[in-house]
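Encoded as structure tokens, the structure appears first; notes follow it.
For reference, positions follow the sequence shown, starting with 1. Heavy-atom basis, side chains included; hydrogens, waters and symmetry copies ignored. The model shown is predicted, which means the values in this text are computed figures rather than measured ones.
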Amino acid sequence: MSLLVAVSTLTERVRCDCNLPVYTTVTNVSSAQALEYIQRSAQQLAALIQESGADEQYLTLSTQLTTTAGIPTVSLPANTMDVVRLAIVTSGTHEVQMEVASLDEWDPNNYVWDTNAIPKYRVMGNTVTLFPTQGTARTINAYYTVGFTVTSTSDILALRNNWDEYIVADSCIRVRNRQDKDSTAFEKARGIAEQAIRKQLKRDRAGIRQVRDVRDPWLLGGPYSRQRWFTR
């Protein structure tokens, strides 16, 4: 279950944990810097989640892209972190997954292809380039990750258990580094949160499995166990 946490709450927790005065423009850590630290820590958390292979479950959004006839490129959402997959809509709501074109076969200047065949694509910056160029407008279902977008203290983040602890501890480390102060306690707290998150992501990715015990019967206390054998 997600926890809705306001960025303003996170910045205030950082302020309290680091014994900072009220954020102002003249303090050692300003309100703008505090927000930047939360931004960077949230991005680092998103990278941790993606590294653990669970980004599709937690970070993926979907949207529809509409191409323009004769134009090979179409823009991705502004906050895209990674493209999970693209699927072209062939008829109604039916979609077919598109393949990534290799650099050897990709040619953005290829002829206009005005058929129903499925084009390949390359992601270049924040745009998708289709190969070959489509002669008619096409609809593409895009599945992409955004990480945690933080633009202001009024933003709300949907987090799981320990995710807020990671962000706060990591931001506190950044504050301590700026102040040239010891950050050992916060590094320890971040490490504990990170381990808990990794275990959580591993469980969520693998799902619940039943494991059959294949040890010898005598280890399990059965009728032929070593204990019964010795007591006969």
Side-chain angles (χ1 to χ4, degrees), residues 2 4 7 32 35-160 163 167 170 197 201-202 204-207:
S2 296
L4 298 180
V7 172
L35 178 61
E36 179 190 351
Y37 291 158
I38 295 294
Q39 288 173 326
R40 292 164 62 183
S41 297
Q43 291 169 355
Q44 186 162 313
L45 172 61
L48 169 62
I49 293 171
Q50 192 166 38
E51 172 193 331
S52 301
D55 57 301
E56 291 189 33
Q57 180 173 354
Y58 294 109
L59 304 178
T60 299
L61 298 178
S62 63
T63 190
Q64 282 198 332
L65 309 177
T66 302
T67 68
T68 301
I71 303 298
T73 60
V74 61
S75 296
L76 291 164
N79 56 346
T80 298
M81 183 169 69
D82 191 21
V83 174
V84 177
R85 71 184 181 94
L86 298 179
I88 199 159
V89 179
T90 56
S91 62
T93 58
H94 182 67
E95 64 176 34
V96 178
Q97 184 164 327
M98 299 169 62
E99 295 181 9
V100 178
S102 69
L103 288 177
D104 289 336
E105 64 182 338
W106 177 69
D107 179 4
N109 298 313
N110 198 6
Y111 60 88
V112 173
W113 198 19
D114 194 4
T115 71
N116 290 324
I118 307 303
K120 295 186 178 183
Y121 71 93
R122 297 288 300 182
V123 176
M124 304 182 67
N126 205 52
T127 63
V128 172
T129 301
L130 302 182
F131 164 78
T133 301
Q134 299 293 279
T136 58
R138 307 296 294 269
T139 299
I140 298 173
N141 289 336
Y143 301 86
Y144 63 102
T145 61
V146 298
F148 300 107
T149 304
V150 177
T151 58
S152 70
T153 55
S154 62
D155 289 336
I156 303 294
L157 298 180
L159 306 174
R160 296 291 295 273
W163 292 10
I167 293 175
D170 188 73
I197 292 170
L201 296 177
K202 184 177 181 180
D204 291 348
R205 186 174 68 251

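Atom CD of Q134 sits about 8.0 Å away from atom CD1 of I118, to the nearest 0.5 Å. L76 contributes atom CG, which lies 13.0 Å from atom CE of M81 (distance to the nearest 0.5 angstrom). Expressed to the nearest 0.5 Å, how far CD1 of I49 lies from CH2 of W163 amounts to 3.5 Å. Atoms CG and OG1, on L65 and T139 in that order, are 9.0 Å from each other to the nearest 0.5 Å. Here the CG atom belonging to L48 is positioned 14.0 Å from the CD atom belonging to Q43, to the nearest 0.5 angstrom. Here the CD1 atom belonging to I38 is positioned 10.5 Å from the OG1 atom belonging to T153, to the nearest 0.5 angstrom.
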side-chain contact (heavy atoms from CB on, under 4.5 Å) assessment of F148 paired with L159: CA-CA 9 Å; F148 300 107; L159 306 174; 3.9 Å; yes
Candidate pair Y37 and D170, rule side-chain contact (heavy atoms from CB on, under 4.5 Å), full reasoning: CA-CA 8 Å; Y37 291 158; D170 188 73; over 6 Å; no
Residue pair Q64, N141: steps toward the side-chain contact (heavy atoms from CB on, under 4.5 Å) verdict: CA-CA 5 Å; Q64 282 198 332; N141 289 336; 3.0 Å; yes
side-chain contact (heavy atoms from CB on, under 4.5 Å) assessment of V100 paired with R122: CA-CA 6 Å; V100 178; R122 297 288 300 182; 3.8 Å; yes
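Minimum interatomic distance between N126 and A78 (heavy atoms only, all atoms of both residues): ND2-CA, 3.8 Å. Taking all atoms of both residues into account, the shortest heavy-atom contact from Y58 to R160 is CE2-NH1, 3.0 Å. Between L45 and I197, the shortest heavy-atom distance links the atoms CD1-CD1, 3.9 Å. The two residues V150 and Q39 have their closest heavy-atom pair at O-NE2, 2.7 Å. Pairing each heavy atom of I140 with each of L130, the nearest pair is CD1-CD2, 4.0 Å. The two residues A69 and A137 make their nearest non-hydrogen contact at CB-N, 4.0 Å.
Two residues are said to be in side-chain contact when any heavy atoms from C-beta on lie closer than 4.5 Å; V146 and P77 fail this criterion. Side-chain contact check for P119 versus M98: some heavy-atom pair is nearer than 4.5 Å.
Checking side-chain atoms of E99 against main-chain N and O of Q97 turns up no donor-acceptor pair under 3.5 Å. Proximity of a side-chain donor or acceptor of T145 to a complementary backbone N or O of D82 within less than 3.5 Å is detected. At least one donor-acceptor pair under 3.5 Å links the side chain of T67 to the backbone N or O of R138.
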